[in-house]
Amino acid sequence: MGNYENELFRTANKLRGKIPPSDYKFYVLPLVFIRYMSAKKNSNVWSKIVNSSNDEKIASLLDKELMKVLPAFSDMANPYEDMYANSNLPARTIYDLINLINEIDLQSNCEKIDYLGQIYEYFIGNFAATEGNRGGEFFTPPSVVNLLVNMLNPQQGIIYDPACGTGGMFIQSGKYNGSNLKFVGQEQNCKTILLAYMNGVLHGLDIEIKKGDTLLNDCFPDLRADYVISNPPFNMKEWGAEQLAVDDSRVFGMINKNNANYMWIQHFIYHLKPQGRAGFVISNGALTSSNEADFITRKKMLERNIVDCVVQLPDKMFIGTAIPSALIFLDMNRNEKDKILFIDASKFGESVSKTQKIISKANIESISKLYQSFKKKKKIKYNVKGYSWASAVEEVLSNGCKLMPSIFTGVEEIIVDQKENEAEINNLKARLSEQIRISNQMANTLLERLIL
């Protein structure tokens, strides 16, 4: 993003000390949304806000106008009611934010939805980076989202994300064929739900989100989606397994009461149509977990022949956690002879800071192209040591049902040029001989001085 967006974010940092960093986004992003809705409805609301921005009662005006453009959810009270009036924000800080957002030139920008949407996403990403561990709770890094969505390549139908956060998966999916897609999500945090809603509206998506603990209170029990795209919380402990009904229809394997990874997966599978597909993020540990419940569930997934592809990601991909992660792709309509494609992308990480890496656009395209070729059954080379391998389901079952790509891809083969190798050895020998000569010369000189 340009200097304008950087300046806008620096201005948002004036909130520092007044409210917790984790709440910055809740005060800044609604202003972008109000401006967008005012332009969309061709109203004078935003002009009225700008003209009143120096008024001591500006906070109350913002609260009033925000309530007009946000939906009423039947399953929750609006958490933004009187938000600005009840905050500790000085009127001057609110004035600065309003006037910076007002500098966005919508008259000369015909793609105003995309532009305001880009600013919105820019804020979400930057706020997540400032929040440390908390930032990762609602935000999936763009390169992970891009890879996941590029590989799944949704075209039409329903996309479901039962841990939708601020809606990043929806936004990226909508860039493919948004007019033919409906987006359904569930999220537990009320304010995050409204961030996701605003995000979706800014990008022109048909979006529906409900509030609830997905694993314990499935708000869409009858939903069957064409695609599930999700980044559920990693390794959730004490997630309330004892509260599940004994006959919960989502469960086809076993329940790990101490780790929710495979309950999330069973939830995904339950909500897919007979020809549905899923792509989701999971911790590496879940690929090889020897816990009885995890193992049995993973084994049943393989026996049902729905595991389509597994991608091992580079380390440091997620904000606030060093947990290694992977992507799993499921296809409910695989042929019994179809193999599983394993891709080891762990070496594709490019550092953008000491604590985070990304996957480049070029690598995202090459990985996605490989998977798309695999889905289309193109006759190309899939077995490349250290990178990709197409393995029979029976082979995976016989390998302890482990899904770690590196188990199957092995180590990259390095072809050594014999002539170059011999030349390098001779060069090293010559350098070693010279070092020995110099060392002997120095030793003799020292010995002569000692004798004298």
Side-chain angles (χ1 to χ4, degrees), residues 125 129-130 132-133 135-136 141-144 146-147 234-235 281-290 310-327 341-370 380-391 395-396 399-400 402-452:
T130 66
N133 289 346
S143 67
V144 176
N146 291 345
L147 177 59
F234 287 174
N235 303 329
V281 187
I282 200 76
S283 70
N284 271 5
L287 302 177
T288 58
S289 172
S290 58
V310 185
V311 181
Q312 198 166 330
L313 295 175
D315 61 353
K316 298 181 180 179
M317 291 299 294
F318 289 86
I319 295 171
T321 179
I323 298 174
S325 55
L327 305 180
L341 180 64
F342 291 97
I343 301 174
D344 185 352
S346 58
K347 58 182 175 294
F348 288 161
E350 299 180 8
S351 295
V352 291
S353 71
K354 291 182 179 179
T355 59
Q356 194 175 15
K357 294 180 180 178
I358 64 168
I359 301 176
S360 70
K361 183 178 180 180
N363 284 327
I364 288 173
E365 289 178 355
S366 64
I367 295 169
S368 300
K369 185 177 180 180
L370 179 66
I380 64 173
K381 186 177 181 181
Y382 296 104
N383 293 358
V384 179
K385 279 285 188 180
Y387 174 51
S388 65
W389 209 264
S391 300
E395 180 185 355
V396 181
N399 262 289
K402 295 177 180 179
L403 297 177
M404 182 70 74
S406 57
I407 293 174
F408 302 93
T409 63
V411 180
E412 181 180 2
E413 291 181 344
I414 300 176
I415 300 174
V416 178
D417 187 304
Q418 192 63 32
K419 290 184 178 180
E420 287 185 6
N421 197 33
E422 288 178 358
E424 182 62 23
I425 290 173
N426 290 333
N427 181 46
L428 290 172
K429 284 181 178 179
R431 289 170 58 188
L432 179 59
S433 178
E434 178 62 14
Q435 291 296 323
I436 292 173
R437 185 190 67 77
I438 294 172
S439 177
N440 288 338
Q441 187 179 42
M442 293 177 65
N444 289 335
T445 301
L446 180 60
L447 182 61
E448 288 175 0
R449 290 181 179 179
L450 288 174
I451 293 174
L452 293 175

side-chain contact (heavy atoms from CB on, under 4.5 Å) between Glu365 and Lys361, intermediate numbers included: CA-CA 6 Å; Glu365 289 178 355; Lys361 183 178 180 180; 3.4 Å; yes
Phe348 side, atom CZ; Asn363 side, atom CG - distance, nearest 0.5 Å: 5.0 Å
Validation row: Leu313, Pro324 side chains within 4.5 angstrom (heavy atoms): no
Residue pair Thr409 / Lys385, side-chain heavy-atom distance below 4.5 Å: no
Partner set under side chain to side chain contact (heavy atoms under 4.5 Å, CB included) for Leu370, not counting sequence neighbours: Leu341, Ile343, Ile380, Tyr382, Tyr387, Ser388
Between CG on residue Leu428 and OG on residue Ser433, distance to nearest 0.5 Å: 12.5 Å
Minimum side-chain heavy-atom gap Leu403-Thr288 below 4.5 Å: no
NZ on Lys369 to CD1 on Ile367, rounded to 0.5 Å: 13.5 Å
side-chain contact (heavy atoms from CB on, under 4.5 Å) partner of Phe342, the single match among Val311, Ile407, Val396: Val396
Student check: side-chain heavy atoms of Met317 and Pro314 closer than 4.5 Å: yes
Rounded distance (nearest 0.5 Å) linking atom NZ of Lys429 with atom CD of Glu424: 12.5 Å
More than 12 heavy atoms of other groups within 6.0 Å of Lys357 NZ: yes
Check: Gln312 side chain, Ser406 main-chain N or O, donor-acceptor pair, under 3.5 Å: yes
Partner residues of Glu434 under the side chain to side chain contact (heavy atoms under 4.5 Å, CB included) criterion, sequence neighbours left out: Arg437, Ile438
Close side-chain approach of Phe234 to Val281, heavy-atom, < 4.5 Å: yes
Side-chain touch Ser351/Ile358, heavy atoms, less than 4.5 angstrom: no
Ser143 and Asn146 side chains, donor-acceptor separation under 3.5 Å: no
Distance in Å, Asp344 CG paired with Met404 CE, rounded so as to fall on 0.5 Å steps: 9.0 Å
Distance-only donor-acceptor check, side chains Asn235 and Ser283, under 3.5 Å: yes
Derivation of the side-chain contact (heavy atoms from CB on, under 4.5 Å) call for Ser368 and Leu147: CA-CA 7 Å; Ser368 300; Leu147 177 59; 4.0 Å; yes
Worked verdict on Glu350 versus Ile359 for side-chain contact (heavy atoms from CB on, under 4.5 Å): CA-CA 6 Å; Glu350 299 180 8; Ile359 301 176; over 6 Å; no
Asn444 side chain near Gln441 side chain, heavy-atom distance below 4.5 Å: no
